[in-house]
Protein chains: 2
Amino acid sequence: MSPAGRAGRSRAGQGKLTRGCRRVLAVLEQTRELSSAQDIHGMLRQAEPEAPGLTTVYRSLESLVGMGLVQSVDLGDGEKRYEVVEPGEHHHHLICQGCGASVHLDQCLVEDLEKSIKAKYGFEISSHVLEVFGRCRGCLKSSTK
Amino acid sequence: MSPAGRAGRSRAGQGKLTRGCRRVLAVLEQTRELSSAQDIHGMLRQAEPEAPGLTTVYRSLESLVGMGLVQSVDLGDGEKRYEVVEPGEHHHHLICQGCGASVHLDQCLVEDLEKSIKAKYGFEISSHVLEVFGRCRGCLKSSTK
DNA sequence: CTTATAATGAAAACGATTTCCATTTGAATC
DNA sequence: GATTCAAATGGAAATCGTTTTCATTATAAG
Ligand SMILES: [Mn+2]
Ligand SMILES: [Mn+2]
Ligand SMILES: [Zn+2]
Ligand SMILES: [Zn+2]
């Protein structure tokens, strides 16, 4: 019997996750929103005072990102956000500066360029950050007044 | 006579800059490298103990970025970098994780997409971040051993 | 049960940036 | 030149997300 055994529920290979990782992942899977470490900790503690401490939340996020189950998103405000992704995948966002809404882009522009960048600059890409800020349709309408 | 008057030297309209702004800009124009606020402050103080304080460096950078003479670059390590740009322009980088070298990209991929993003998602883009990390030719060669 | 290792939590430390506030500078006015 | 007032400046303290430290507990072998 594999250690994953009869984990069953949702995501594969979840059996080998620590308690903290499981709790953090559960929150992210429910909210389906970009959440900061402190957001996650707050949600956990609100539901149950015995929930993992903030330190464990940070450590769990680090693990989950390393495993490719979660990606961290840097919006440049000094507070990292996290969200579940398809294992090993990543994507980028349109962030509305009016209402905070975020659109999850389905296609990564940068991966397409890896070969041409390698050819042109000799660089082998290992990662990248790309986030786009602006105003969503709704906020554009409101500001027309 | 315009207030810019006979400023002459290098960049236009520099006459109306504060002392701090002028000093910070001078450092950035000489180094031509991505420099943090503390880097800049250190370089200033090293040359002259009377140079602007760290607070003024931060305030100057904020002004210069607002004026479009300098862009800030977020490499995700919690310390913003700054560099001079053509007034109003911006660009992105390839950053080598081996030696720290950076290639200044000449073309912005994102601006090309503004129209299609507006059409597809209703978003009007006002800014974006894009930085690419990897290994440069030299570092790739070294690691081959 | 005993033991070694990994996970956890609270408090303290960190570090870049911001805020406070008293002082200085610089230009406009008398 | 003296006066005046707003802007600029500098150092210290505060902020705040994140990381470290270190003692305690859970987990898995043996
Ligand atoms: Mn997303
Ligand atoms: Mn550059
Ligand atoms: Zn991508
Ligand atoms: Zn761009």
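To find a chain, count down the sequence lines: A is the first, B the second, and so on, and within it residues start at 1. All values reported here derive from a predicted model rather than from experimental measurement.
Between B:His92 and A:His128, a ring centre-to-centre spacing not shorter than 6.0 Å is recorded.
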* **salt bridge (Lys or Arg N to Asp or Glu O under 4.0 Å) between A:Arg23 and A:Glu48, worked out** => CA-CA 11 Å; A:Arg23 306 294 303 278; A:Glu48 175 198 347; 3.0 Å; yes

* Kindly indicate, with the supporting measurements, whether the criterion side chain to side chain contact (heavy atoms under 4.5 Å, CB included) is fulfilled by A:Tyr58 and A:Gln38. => CA-CA 9 Å; A:Tyr58 276 108; A:Gln38 318 217 31; 3.9 Å; yes

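Clustering of Ile, Leu, Val, Met, Phe, Trp and Tyr by side-chain heavy atoms under 4.5 Å joins A:Val73 with A:Leu34, A:Leu75, A:Ile95, A:Phe133, B:Val129.
No salt bridge links B:Glu124 with B:Lys115; every basic N to acidic carboxylate O contact stays at or beyond 4.0 Å.
The span of DNA chain D lying next to chain A, judged by atoms under 4.0 Å from heavy atoms, is bounded 5' to 3' by D:dG17 to D:dA26.
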Please tabulate, one pair per line, all N/O donor-acceptor pairs under 3.5 Å involving side-chain atoms of residues 99-108 of chain A, not counting sequence neighbours.
residue	atom	partner	partner atom	Å
A:His104	ND1	A:Glu83	OE1	3.2
A:His104	ND1	A:His91	NE2	3.3
A:His104	ND1	A:His93	NE2	3.3
A:Gln107	NE2	A:Asp112	OD2	3.3

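In this structure, A:Glu62 places its CD atom where only 12 or fewer heavy-atom neighbours from other residues, nucleotides or ligands lie under 6.0 Å away.
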* Structure fact -> Protein-proximity profile, nucleotides 7-14 of chain C, B/S/- by nucleotide at the 4.0 Å heavy-atom cutoff, equals SBBBB---

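Rounding to the nearest 0.5 Å gives a distance of 5.5 Å between CG of A:Leu28 and OG of A:Ser35.
For the pair B:Leu113 and A:Val132, the minimum side-chain heavy-atom distance is 4.5 Å or more.
Partners of A:Arg59 by salt bridge (charged side-chain N to carboxylate O under 4.0 Å, His left out), not counting sequence neighbours: none found.
Residues of residues 71-83 of chain B that place a heavy atom closer than 4.0 Å to DNA chain C, in numerical order, are B:Gly78, B:Glu79, B:Lys80.
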